[in-house]
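Remember, it's a predicted structure, so these values are computed and weren't measured experimentally. Note that ligands are numbered from 1 as they come in the structure, with each ligand's atoms numbered from 1 the same way.
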Amino acid sequence: MRTSTFLTAAAYSWLVSAGPRASETLQRRAQCASTLSTANTVATQLQTWYDANTGNYNDGELWTDSNAVEDLHNLMLAASTTTWASVDDTSRIGRAAENPSTDWGSIVAGSWDDSQWIILALWKVADYRAAHGQDITPFMNAASQLYNIVAGQWDDTCGGGVWWSSAHTYKNAVTNELFLLTSASGYLRTGNQTFLTNAQKVWAWLEGSGMRNSQGLWNDGLDFNTCQNNGQTTWTYNQGVIASGLGALYTATGNTTLLDQAEVTLDATIAHLTVNNILKESCDDASSPNCDHNQQIFKGIWMKHVQYYLDNANDASRTAKYAPFLGSQSSAAFHFGKDAANDVGSVWYAPDQGGSIFSPEATTSGLACFVSAAKVRHVRILPV
Ligand SMILES: *[C@@H]1O[C@H](CO)[C@@H](O)[C@H](O)[C@H]1NC(C)=O
Ligand SMILES: *[C@@H]1O[C@H](CO)[C@@H](O)[C@H](O)[C@H]1NC(C)=O
C-alpha cells in the first residue's frame, strides 16, 4: 500500500475514539500489511525461477512470464518498493520494448491473446516507471505496436471478433475479452477515440456472441463451423478478464449497466467455480491435479482482474461485495497453497499434500492473489 502501514499516535487515538467501525478499519489495515508482506516473500521465491540472462522464467511461457512481470510491478506500486525494477531491463519483453528495432510480430508468433497479455505487462511497467519519474516512451510505443497488430486481426467471420491466432481456426472468449480491456484501457490512457470505438465494437460483439452461458459464465469459444458457443470449459480467467474490460469501458462511458453485466459473471464464478467458497479450476484436484502450465495461472488472473474491475468501478459498495471473497482466496492460498519455501501451489481449495503442482505459473498466480486481496482491502478502507 502506498500510505504508511504504521499509524501516528494521533491517528490511532482518532481511530479508537471513532468506535467500532474505526477499529475494524485498523484491523483491516494490519491484514493488508501482512498480506503485502506475504506477497513480498512469494515474489522473492518467484524470482528464484527467473533467469536474468535469458529474461525468461525456467519452466515458464511468454504469456505467463508477462503476467509475472505485471504482478511484480503491481506489488512494487502497492508496497512502494523497488525490489524487482531490474526486470524492466532484463525480462524478454522489457528488452524487446527497449530495442526500437524489435519485430513484435515475430515475438508473438501469431498469438493474439499472448500479444495482449504483453500489452498489459508493458503498461504496468510504464505505470511503475512513471511513478518513479523514468522514461516510459519505449514501453508505451511497444504496447501501441502490439495493439495495432491485434486490432488488425478483426474480421467478419462469426459476425466479428479478433481471431485467437494467425491460423484462423478459432474465435474465443479470452482474446476478445482482452481486446475489450486493452481497447477501453487504451482509451483511458491516451484519449484516442479509435480505442473507444474498438471497445464498444468488441463488447457489442461479445454480448451477442452466445459465449456467455445460461449460468452467466463464459465458455472457451465459438465452434468454427456453426459460430455457436462450443460449450468448452468455463476457465476462471475468462470470468475475470471480462469484468476488468467492462469496468474500464464503464469508466470511459459512465454506463453502469456494464458493471451489472460484469457482476453477473463474477457472481456466477463464486456460485459455480468454487468448493467451500474457494476457487477451483476444473482441472484442480487435490489428489490428482492435471492443470497444464497455462491453467495453473488462471485463478490468480481472475483475482487480479477483479481487482482491476473494482478499481474502475470505484464504488465502495461494489468493493465491499467482493472484498471478503478475495480475502478468503488469499487465506486459502496462504494456508493450503503455500509451501515452506514460499512457492504457492496450483490448488487453493484443499490442503496441498499430494495435490498442488509447483511451478512459476502457480506461484505467479499466488502472487497475484495476495497483491489483489491486499489492494482491495486497502481500497475499502480509504473512504473514512
Ligand atoms: C489512435 O490510435 C490508433 C490505434 O492505435 C492509431 O492507429 C492512431 O494513429 C491514433 N491516432 C492518433 C491521433 O494518435
Ligand atoms: C449501456 O450498456 C448496455 C449493456 O451493454 C447497453 O445495452 C446499453 O445500450 C448501454 N447504454 C447506453 C446509453 O449506451
**Request:** Quick one: look at L258 and ligand 2, take heavy-atom pairs under 4.0 Å, and tell me if it's side chain, backbone, both or neither.
**Result:** side chain
**Message:** Pairs of nitrogen or oxygen atoms closer than 3.5 Å, one from Y147 and one from ligand 1: do any exist?
**Reply:** no
**Message:** Return the closest protein heavy atom for atom 5 (O) of ligand 1 as residue, atom name and distance.
**Reply:** N148 OD1, 2.7 Å
**Request:** Using a strict 4.0 Å threshold on nitrogen-to-oxygen distance, state whether R189 and D127 make a salt bridge.
**Result:** yes
**Asked** For ligand 1, does T190 get within less than 4.0 Å through its side chain, its backbone, both, or neither, judged by non-hydrogen atoms?
**Response** neither
**Request:** Using a distance threshold of 4.0 Å (strictly less than), state whether atom 9 (O) of ligand 2 has a protein heavy-atom neighbour.
**Result:** no
**Residue N255 vicinity, atoms of ligand 2 by number, heavy atom under 4.0 Å** = 1 (C), 2 (O), 3 (C), 8 (C), 10 (C), 11 (N), 12 (C), 14 (O)
**Prompt:** Does any N or O atom in E207 lie less than 3.5 angstrom from one in ligand 2, N or O only?
**Reply:** yes
**Item:** T44 backbone acceptor or donor facing T48 side chain under 3.5 Å
**Value:** no
**Prompt:** Does E263 pair with R318 as a salt bridge, N-O distance under 4.0 Å?
**Reply:** yes
**Asked** Only one of N74, D71, T364 forms a side-chain hydrogen bond (donor to acceptor under 3.5 Å, both in side chains) with K304, so which one is it?
**Response** D71
**Prompt:** What residue and heavy atom of the protein are closest to atom 2 (O) of ligand 1, and at what distance?
**Reply:** N192 ND2, 2.3 Å
**Message:** If the cut-off is 4.0 Å to any non-hydrogen atom of W203, which atoms of ligand 2 fall inside it?
**Reply:** 4 (C), 5 (O)
**Request:** List the steps, then state whether side-chain contact (heavy atoms from CB on, under 4.5 Å) holds for V241 with W117.
**Result:** CA-CA 11 Å; V241 178; W117 298 115; 3.9 Å; yes
**Prompt:** Does D89 come within less than 4.0 Å of R95, counting only side-chain N to carboxylate O?
**Reply:** no
**Item:** Trace of the ring pair (Phe, Tyr, Trp, His ring centres under 6.0 Å) decision for Y57 with W49
**Value:** CA-CA 5 Å; Y57 287 80; W49 298 88; 8.8 Å; no
